[in-house]
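Quick notes on the structure that follows.
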Amino acid sequence: MNNVFYKPVVDSTNLWAKEEGMNGAPCGSVYMADMQTAGRGRRGRTWESPSGENLYFSLLLRPSFAPDKASMLTLVMAMAVAEAVRSYGAEAYIKWPNDIVLGGKKLCGILTEMHIQNGSYFVVVGVGVNLRKRDFSSEIAGMATSLEEEQNIAINREELLERILKAFEKFYQEFTLRGDLCLLQDAYNDILINRGNCVKVLDPKGEFTGIARGINAVGELLVEKEDGEIVTVYAGEVSVRGLYGYT
Ligand code: BTN
């Protein structure tokens with residue numbers, strides 16, 4: 001069972017969870033807000049977080065496995081969110097590594113951060129799900145969507161949170177059993193929207209295109225180049241785009 005803490009307004013639930021973690025908050029604590037004034041996304045981007053029934057939360061974990069495995073938790077959470085959203089009948093997919101996509105647009109983003117504390121570490125997995133119809137800023141309009149927009153259903157966010165946490169617990173147990181994604185990788189690949197598609201890999205060392213074949217047991221994306229070479233792409237370094245748009 002998770003202890004869920006709520007505030008109407010915070011700067012960022014990830015920062016709130018970090019602060020609580022530094023003060024000794026236990027594994028499994030969840031920090032949720034109605035609105036974030038400084039919601040943070042991957043690669044230094046911001047996460048638009050207006051008030052009004054969207055879901056913004058961060059889960060604090062104190063894993064016993066080695067810290068170099070912690071980045072895979074972001075894929076574990078992506079599976080949990082996708083499963084929870086699918087339980088409402090919405091055909092959600094994962095865009096590698098951890099965006100949740102509905103109707104070809106981004107529904108949810110996940111930001112996982114690790115913090116060192118007195119020789120051990122803890123992890124904060126932050127999740128933002130767009131639930132209500134709204135006007136997104138011009139920067140992300142056309143790329144972002146909400147559950148209400150796509151499915152015409154107004155989901156209760158507490159109930160969605162509960163379903164996500166339940167799914168996460170199940171996937172997390174399977175992850176910790178082996179310390180990697182080997183027990184989860186088939187299920188992940190089944191809902192990977194990039195799979196079988198031509199993708200452009202935006203590698204700082206040089207962009208290339210290829211067919212996405214799925215993830216391996218450590219969450220790297222396998223991309224087959226035109227000459228048949230399979231390249232393993234690590235999420236920390238590069239991002240992947242569809243050739244004709246976001247997915
Ligand atoms: C992304 O760029 O796709 C990741 C977005 C993560 C947003 C969530 S909202 C809750 C938590 N708090 C934050 O400041 N960010 C994450």
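Remember, it's 1-based here, ligands and their atoms both numbered in the order they're listed. Predicted model only: the values in this text are computed from it and were never measured.
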Option passing salt bridge (Lys or Arg N to Asp or Glu O under 4.0 Å) with Asp34 (candidates Arg157, Arg132, Lys7): Arg157

With rounding to the nearest 0.5 Å, note down the distance linking [atom1] in [X] to [atom2] in [Y].
X      : Y      : atom1 : atom2 : result
Asn156 : Tyr88  : CG    : OH    : 7.0 Å
Thr145 : Phe136 : OG1   : CZ    : 6.0 Å
Leu75  : Phe171 : CG    : CZ    : 12.0 Å

Location of contacts on Val127 toward ligand 1, heavy atoms closer than 4.0 Å: backbone

Side chain, backbone, both or neither: Ile110 near ligand 1, heavy atoms under 4.0 Å: backbone

Can any side-chain N or O of [X] pair as donor or acceptor with the backbone N or O of [Y] at less than 3.5 Å?
X      : Y      : value
Glu148 : Lys133 : yes
Asn54  : Leu131 : yes
Arg86  : Ala92  : yes

Nearest to [atom], what protein heavy atom do you find, and at what distance?
atom                    : value
atom 5 (C) of ligand 1  : Trp47 CE3, 3.4 Å
atom 9 (S) of ligand 1  : Gln36 NE2, 3.3 Å
atom 2 (O) of ligand 1  : Arg42 N, 2.7 Å
atom 15 (N) of ligand 1 : Arg40 O, 2.7 Å

Distance under 4.0 Å to a non-hydrogen atom of [X]: what atoms of ligand 1 satisfy this?
X      : result
Gly39  : 14 (O)
Gly41  : 1 (C), 2 (O), 4 (C), 5 (C)
Gly128 : 8 (C), 9 (S)
Phe57  : 10 (C)

Please tabulate, for side-chain N and O atoms in residues 60-69, each donor-acceptor pair with protein atoms closer than 3.5 Å (sequence neighbours left out).
| from | atom 1 | to | atom 2 | distance (Å) |
| --- | --- | --- | --- | --- |
| Arg62 | NE | Ala25 | O | 2.9 |
| Arg62 | NH1 | Gln117 | OE1 | 3.1 |
| Arg62 | NH2 | Gly21 | O | 2.9 |
| Arg62 | NH2 | Ala25 | O | 2.8 |
| Lys69 | NZ | Gly179 | O | 3.3 |

Residue-ligand contact Arg45/ligand 1, heavy atom below 4.0 Å: no

Any Lys106 heavy atom less than 4.0 Å from ligand 1: yes

Distance-only polar pair, side chains of Glu20 and Ser29, donor-acceptor under 3.5 Å: no

Option set Thr112, Thr13, Val10, criterion heavy-atom distance to atom 11 (C) of ligand 1, minimum: Thr13

